[in-house]
Each structure stands twice: as structure tokens, then as C-alpha cells.
Amino acid sequence: MKFDFDKAVDRQGSSCYKWDKRTELFGRGDVIPMWVADMDFEVAPCITRAIKNRAESAVYGYDFRGERFFGAVRDWLSRRGGWQTETEWMLYTPGVVAGLVFSQRAFSKKEDRVVIQPPVYPPFAGTVRENARTLVTNPLVVRDGRYEIDFDDLDSKLRDAKLFILCNPHNPAGRVFTREELEGIASLCIKHDVTIVADEIHSDLVFEGHRHIHIASLSPEVAERTVTLLAPSKTFNIAGLCTSVAIIPNRKLRERFNAVMAATHTIEGNSFGNVALIAAYEEGEEWLDEVNRYLYGNYELVRDHLAREIPSVRTFPLEGTYLMWLDFSAWDMDGDGLQDFLVNKAGLGLNDGRTFGREGFHHARMNLATRRSLVRQAVEQLTRACREAGLTGK
């Protein structure tokens with residue numbers, strides 16, 4: 001590989017949420033942190049160069065995002081995702097979660113019904129509740145060892161709903177939904193006149209044999225009711241630069257979304273985020289292709305090790321994202337007991353599955369985006385703890 005993802009990058013002491021918050025969040029500072037969704041890899045060199053060049057200007061006043069910024073997004077989506085977009089459809093947002101909030105405030109009112117698909121990224125439910133909307137769940141169901149959509153239930157849940165929030169690729173289920181699944185979602189949203197808000201932040205982190213399809217690309221009719229939220233943050237490990245994009249082909253929806261943003265005075269953005277996005281989308285493909293191969297190798301390591309050494313822990317096929325969903329329901333433990341075991345016996349800092357909804361009870365999410373030696377150490381620590389507790393299932 002041209003890029004060294006095995007390199008140990010010391011992030012401690014840098015106000016790093018993932019590493020420096022361990023004692024606060026897990027009660028001890030020595031757990032292997034495999035929770036919050038950022039990577040421990042150095043970013044693509046093209047991004048570092050762009051930020052250094054911008055820093056050397058020595059003036060950091062107000063910037064605007066011009067044709068090159070949005071053109072980089074347009075060209076990336078065409079090249080990588082086969083979606084033909086227009087720059088006039090695009091708006092800057094400071095983050096995808098902020099985009100979820102802006103969408104709810106722009107396209108619904110208090111107590112309106114918003115449908116999500118748990119187990120799912122915690123801010124989906126959080127932003128609905130925090131904005132006084134009515135949370136409605138269409139839980140994914142496990143069939144033949146992978147998560148799928150319950151379309152009969154979705155049909156009933158979309159009745160009288162205002163918004164449907166799609167997570168694709170799905171966090172934490174690891175699904176990359178097929179064209180047929182997306183067409184099923186779209187047809188039901190059209191049937192019930194529901195606006196689609198698509199969180200597609202992981203759309204570039206997709207593995208061989210799978211293809212991410214932007215739901216808005218299915219047809220002009222679907223595009224007219226869809227807000228797509230994207231960012232280079234997960235793809236290129238630049239979440240700290242707070243630079244995301246909302247793509248809204250429908251002019252009236254776009255104006256309503258922009259009005260909410262303007263009212264919150266969050267449209268200025270980040271000078272370094274601007275140049276980082278351009279560099280990532282114009283020059284970062286080789287780095288991305290290599291990181292995807294490396295991430296899938298980490299997944300294979302964990303999957304195969306658990307199947308061999310701890311078959312009592314159930315895994316699911318990882319089609320996209322670098323977030324692995326682990327099922328510990330074979331163990332006779334409640335949620336607090338599971339967390340205590342993972343933290344204090346195995347020395348691992350994983351995301352508690354309960355934060356992803358009731359469907360996440362007895363589960364945990366493992367972030368695989370770190371050097372392989374640390375991933376190997378993590379599964380070995382888990383194996384030792386399971387052997388001592390008689391939990392391997394062998």
C-alpha cells in the first residue's frame with residue numbers, strides 16, 4: 001500500500017474526544033477506544049497540503065464557498081456515485097446532524113411524526129425528541145443473518161408522517177441498501193406524501209460487492225421530495241473541520257431549509273474545511289480506495305476471530321461503514337452487566353447498544369478504523385476475558 005495505515009498515531013493529549021474522554025466515559029483511561037466514529041489514521045496527504053497552504057496565508061477572515069467548492073462535490077458524486085447533480089441544489093451545513101435538525105424545523109412542526117429505522121445512530125431519535133416532534137420507529141428486522149426493512153410496517157408507520165429519515169449506509173447495521181429496497185422506500189414515501197431526509201455520510205465507505213445508490217438519484221420524482229446530507233468527514237477523517245453539504249433539488253424545499261439555517265446564523269463555515277473538502281474530492285480517491293481495503297481487512301479479522309474463538313458473539317455482514325455491530329444476546333447479562341464486562345474485564349471502550357434504541361439492547365458497536373495491531377489486541381483481550389468467564393460458546 002502507498003499509505004501506511006499500520007502507523008501508530010498518538011492522539012492522546014490533543015483534546016481528542018475518542019482517546020482523551022476515556023476516563024470520563026468508561027470510568028478508566030486504559031480501555032482501547034473503539035467507539036466514536038472517527039479514524040485513527042492520518043488524513044490523505046493532499047488534505048494536509050491544502051490546509052498548510054491555507055494556513056500560510058496568515059489571514060483567516062471570512063471566506064465564501066464558490067463554484068470550485070460545490071463543483072468538487074458535484075464531480076465527486078458523478079464520478080463515485082453516478083449521480084448527476086447541479087451546484088445550485090447544494091447548501092453548506094456545519095454537519096449532517098445539524099442538517100437533520102434544520103430539516104425537521106423546515107419541513108415539519110411540533111408533534112409531527114418522524115419515522116426512523118432502529119437500531120440507528122442515536123442523534124436520529126435524539127434530534128426528533130429535542131425538537132418536540134413525535135418519534136415513530138420502523139425497526140429493521142434480522143432475516144438470514146442480516147438486517148432488512150419491514151416494508152409492511154413501514155407502510156403503516158408512514159401514514160400521517162411528515163418525514164422519513166434514512167440512514168444509508170446504515171449505522172450501525174452495516175447495510176448498504178439495494179436499489180430494490182430504496183425503490184420500496186421511495187414508493188411508500190410518495191404514496192404517503194412524506195419528505196425523505198437521507199443521511200448518506202458513509203456513502204463512500206462501501207466494500208467490494210456492494211454499491212451505494214443515492215436515493216435521490218432514483219428518479220426526478222424522488223429527488224423532488226428528498227434532502228440528501230453528505231460530508232467528507234467520515235470518508236476522509238476530517239469531522240473536526242465541520243464541513244458538510246445538503247443537496248436539495250426542489251427549490252421550495254431548498255429555500256425553506258436555507259431560511260432555517262439563516263435564522264440560526266450557522267452558514268459562515270470554516271476556511272480550513274473549505275479547502276479540505278476540495279482537496280479530498282479532487283485528489284483523495286487513491287487514499288480512499290486503500291483505506292476501504294484496509295478497513296475491510298480489519299472487519300475480516302474480527303469476524304473470523306469471533307467465529308473461531310467466541311461463537312457466542314454474533315456478527316453481521318459489513319457492507320459499508322467502518323462500524324461493526326456485535327450481538328451479545330446469547331450471554332445471560334443485562335445492559336449494565338454487559339457494559340461492565342466489556343469495559344472492566346475485556347478493557348474495551350465500545351458504544352453501548354442501548355443508545356441506538358431498544359433494538360440495541362445486548363449489542364455493542366465497534367469502530368474498526370484504527371491500526372490492525374490494535375484491532376487484533378482488542379479481540380484477543382475480549383477472548384481472554386470470555387475464556388475466564390466461560391462465555392466463549394465453544
Side-chain angles (χ1 to χ4, degrees), residues 89-140 149-168 170-172 185-201 215-216 221-231 242 244-269 354-361:
W89 299 350
M90 301 177 187
L91 298 169
Y92 160 84
T93 74
V96 164
V97 174
L100 296 178
V101 174
F102 300 147
S103 296
Q104 291 173 55
R105 293 187 178 186
F107 312 127
S108 68
K109 60 183 183 299
K110 290 183 177 180
E111 299 185 6
D112 279 347
R113 293 159 57 91
V114 179
V115 181
I116 67 173
Q117 294 181 308
V120 72
Y121 182 47
F124 278 35
T127 57
V128 173
R129 294 190 179 106
E130 290 156 5
N131 287 277
R133 272 57 176 175
T134 301
L135 182 67
V136 180
T137 62
N138 166 234
L140 299 181
I149 298 168
D150 183 340
F151 281 101
D152 290 336
D153 183 67
L154 181 60
D155 190 6
S156 68
K157 297 295 177 60
L158 287 174
R159 198 170 296 125
D160 301 321
K162 286 292 184 182
L163 298 178
F164 171 73
I165 304 180
L166 171 67
C167 188
N168 182 40
H170 193 279
N171 168 15
I185 291 170
S187 67
L188 291 177
C189 288
I190 291 168
K191 172 183 175 181
H192 295 292
D193 193 23
V194 172
T195 300
I196 302 167
V197 181
D199 173 357
E200 298 184 346
I201 196 169
I215 193 168
E221 184 178 18
V222 178
E224 282 293 295
R225 66 174 58 251
T226 301
V227 175
T228 302
L229 302 173
L230 294 162
C242 300
S244 303
V245 178
I247 303 177
I248 313 174
N250 183 309
R251 179 180 59 80
K252 291 182 179 179
L253 294 184
R254 189 166 64 251
E255 290 175 351
R256 288 164 63 184
F257 186 101
N258 197 42
V260 171
M261 279 195 64
T264 59
H265 294 273
T266 53
I267 60 175
E268 287 81 8
R354 292 174 292 183
T355 64
F356 295 81
R358 60 181 298 180
E359 295 78 12
F361 280 36

Ile185 and Phe151: CA distance, side-chain angles, deciding distance, side chain to side chain contact (heavy atoms under 4.5 Å, CB included) verdict = CA-CA 8 Å; Ile185 291 170; Phe151 281 101; 4.1 Å; yes
Trace of the side chain to side chain contact (heavy atoms under 4.5 Å, CB included) decision for Phe102 with Val227 = CA-CA 11 Å; Phe102 300 147; Val227 175; over 6 Å; no
message = Donor-acceptor pair, distance only, cut-off 3.5 Å: does the side chain of Asn131 make one with the backbone of Thr127?
response =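 Here the side-chain-to-backbone pair exists.
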query = Looking only at side chains, do Asn168 and Glu200 share a donor and an acceptor under 3.5 Å apart?
reply =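 Checked: Asn168/Glu200 side chains show no N/O donor-acceptor pair below 3.5 Å.
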ask   = What pair of heavy atoms forms the shortest contact from Pro172 to Pro119, and how long is it?
value = CD-O, 3.1 Å
message = I want to check something: taking the side chain as every heavy atom from C-beta on, are Pro118 and Phe356 in contact at a cut-off of under 4.5 Å?
response =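 No, their side chains stay 4.5 Å or more apart.
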message = Contact between Ile201 and Ser244 at the side-chain level, heavy atoms closer than 4.5 Å - yes or no?
response = no
request  = Indicate yes or no for a side-chain donor-acceptor contact from Asn138 to the backbone of Ile149 under 3.5 Å, with no hydrogens or angles considered.
outcome  =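 No; judged by distance alone, with no hydrogens or angles, the pair does not exist.
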task = Ignoring hydrogens and angles, tell me if any N or O in the side chain of His170 forms a donor-acceptor pair with the backbone of Val120 under 3.5 Å.
result = no
ask   = Do Phe124 and Asp199 have side chains that get closer than 4.5 Å, going by heavy atoms?
value = yes
ask   = Can you find a pair of side-chain heavy atoms, one from Ile190 and one from Arg225, that are under 4.5 Å apart?
value =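 Side chain of Ile190 against side chain of Arg225, heavy atoms only: contact under 4.5 Å found.
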ask   = Does any N or O in the side chain of Arg133 come within less than 3.5 Å of the main-chain N or O of Val128, such that one atom is a donor and the other an acceptor?
value = no
task = Using modelled atom types only, decide if a donor and an acceptor are shared between the side chain of Arg113 and the backbone of Lys157 within a distance under 3.5 Å.
result = yes
request  = Check whether any side-chain heavy atom of Val97 sits under 4.5 Å from a side-chain heavy atom of Tyr121, and report yes or no.
outcome  =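 Answer yes - side chains close enough.
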task = Could you check if a side-chain atom of Lys191 sits within less than 4.5 angstrom of a side-chain atom of Leu158, using non-hydrogen atoms only?
result = no
message = Any heavy-atom pair between the side chains of Thr228 and Trp89 that's under 4.5 Å?
response = no
key: Shortest non-hydrogen contact from Ala106 toward Arg256   = O-NH2, 2.9 Å
ask   = What distance do Arg254 atom CZ and Leu91 atom CG have between them, rounded to the nearest 0.5 Å?
value = 7.0 Å
ask   = Going from CZ on Arg251 to CG on Asn258, what distance comes out if it is rounded to the nearest 0.5 angstrom?
value = 12.5 Å
query = Got a donor-acceptor contact below 3.5 angstrom from the Gln104 side chain to the Leu163 backbone?
reply =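 Side chain of Gln104 to backbone of Leu163: no pair is present.
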message = Looking at Glu255, I'd like to know if its CD atom is crowded, meaning that more than 12 non-hydrogen atoms belonging to other residues, nucleotides or ligands lie closer than 6.0 Å.
response = yes
ask   = How far apart are the closest heavy atoms of Ala186 and Ile196, and which atoms are they?
value =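 Where Ala186 meets Ile196 most closely, the heavy atoms are CA-CD1, 4.4 Å.
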task = Grab the two heavy atoms, one from Phe164 and one from Cys189, that are nearest each other, plus how far apart they are.
result =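 Reported closest heavy-atom pair: CB-SG, 4.0 Å.
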task = Mind checking the OG1-CD spacing from Thr195 to Glu224? Nearest 0.5 Å is all I need.
result = 11.0 Å
key: Audit row: Phe257, Thr93, side chain to side chain contact (heavy atoms under 4.5 Å, CB included) steps and yes/no   = CA-CA 10 Å; Phe257 186 101; Thr93 74; 3.8 Å; yes
message = Show, in sequence, the C-alpha distance, side-chain angles and deciding distance for Thr137 and Ile116, and conclude whether the side chain to side chain contact (heavy atoms under 4.5 Å, CB included) test is met.
response = CA-CA 5 Å; Thr137 62; Ile116 67 173; 4.3 Å; yes
request  = For Thr266 and Pro94, work out which heavy atoms get closest and say how close.
outcome  = O-CD, 3.9 Å
message = Looking at every non-hydrogen atom in both residues, tell me the closest pair between Val194 and Lys162 and how far apart they are.
response =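 Scanning both residues completely, I find the closest heavy atoms to be CG1-O, 3.6 Å.
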